[in-house]
Amino acid sequence: MSATVSQPHALRSLALLSVVAPVYNEEQLIELFVKRTCAALGDYTFELVLVDDGSSDATPELLDRLADQDPRVRVIHLSRNFGHQAALTAGLEHAVGDVVAMIDADLQDPPELIPTMIEQWQQGSDVVYAVRKQREGETAFKLATASWFYKLFDKLAQVDLEPNSGDFRLLDRAALNALLAMTERSRFLRGMTVWVGFTQTAVPYERDARHAGETKYTLRKMLRFSLDAIASFSHLPLQLATYVGIVSAGVAFIAIPVVIGLRLVDSYLPGFGSITIAILLLGGIQLIALGVIGEYVGRIYDEVKHRPLYIVREERNRPQENHLGLPVGPIERAGLPARVPDHVA
Ligand code: UDP
Ligand code: MG
């Protein structure tokens, strides 16, 4: 009998870590964020890629000053506000590390968790996502709408997204390149990182309250983001119109013999009310179905226009080469050049 000796896996070694954070009007806390992140990552060789999403307060100047003080801090100024997901994408496309962490700049996601996420990566996980055990400082409204959204998304979409996970994630370069090869305009990055597959691992954490300032997600932005998420990952709303149509047509077919029967026994009562209700109901259903189709057609139109997701105004501390020693181009992708983003062409 031969004993099986389990061979311990060699740990992956990290050459360069990229930490990507989108920043929009965060003058009150951006310096603290950079300080805490640099302190938490002291043991690693890292770059901190801060994407200024068209801030209109003192954030751009503060970022430039931080970049002057520390060459590891890279700053990408976008030409205007393109939104959280586009800013995050800009950071991911510019990151040169072999491992990339995405984090919010408002200190709701503790940068001190990144070393724990790196440990999981070293043990072989390609996508490490942080799952919030607790959410401090969120309004009851935000918690309730977030929970409804995740329930609905789970029912409709084909990807298994952990309900309490956000965009606080760490990706191996292979998973990141797969993600960057997804060129869609409506971006729901947390869903996309699950869709790419690879080995996925969860790390629990306590989500803090925002350190200062207010949420940059207005109700409108949140609604748009949820619709983007559902439309990107599910066709069910479109198919739903078919099901509702079949049911109401079925009801109409059953109603025909009933009406004829009632006529024959002469107990037929002309009913304006019921007809009006039926017309309004069917008209309403048809308009809703048209609206649903409109949501998808609008997104198809956006895809066809193929506009850039974001436009870079200026960059600070751009590296000369990536971690493989290869010269860095306009877009510093360290792996497969799967696509040249539009704003370069
Ligand atoms: N953010 C951004 N562009 C936007 C909105 C937000 O870059 O249009 C950034 C913001 O500075 C923060 C992160 O995205 O670092 C998350 O935003 P926020 O904290 O406002 O969202 P919440 O945590 O309330 O969902
Ligand atoms: Mg926040």
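No hydrogens, no waters, no symmetry mates; every other heavy atom, side chains included, goes into these values. Indexing begins at 1, ligand by ligand and atom by atom, following the structure's order.
- Side chain of N25 to backbone of S55: no donor-acceptor contact under 3.5 angstrom is found.
- Ionic pairing of R12 and D126 is present here: one or more N-O contacts between side-chain nitrogen and carboxylate oxygen are shorter than 4.0 angstrom.
- Excluding waters, the protein N/O/S atoms found under 2.8 Å from the Mg ion (ligand 2) are D106 OD2, Q108 OE1.
- At a 4.0 Å heavy-atom cut-off, the residues surrounding ligand 1 are P22, V23, Y24, E26, D53, N81, G83, H84, D104, A105, D106, Q108, K142, R207, R210, T215, K216, Y217, K221, listed by chain and number.
- Taking the side chain as every heavy atom from C-beta outward, T242 and I246 approach each other to under 4.5 Å.
- Around the NZ atom of K305, the shell of radius 6.0 Å holds more than 12 heavy atoms that belong to other residues, nucleotides or ligands.
- Using cut-offs of 30° and 60° on the angle between ring planes, the pair Y217 and F225 is tilted.
- Ring centroids of Y24 and H84 are separated by 6.0 Å or more, keeping the two rings apart.
- Geometrically, R80 engages F82 in a cation-pi contact defined by less than 6.0 Å to the ring centre and at most 45° from the axis.
- Looking at R318, E47, R74 one by one, the single match for side-chain contact (heavy atoms from CB on, under 4.5 Å) with H94 turns out to be R74.
- Between D228 and R299 there is a salt bridge, since a side-chain N of the basic residue sits under 4.0 Å from a carboxylate O of the acidic one.
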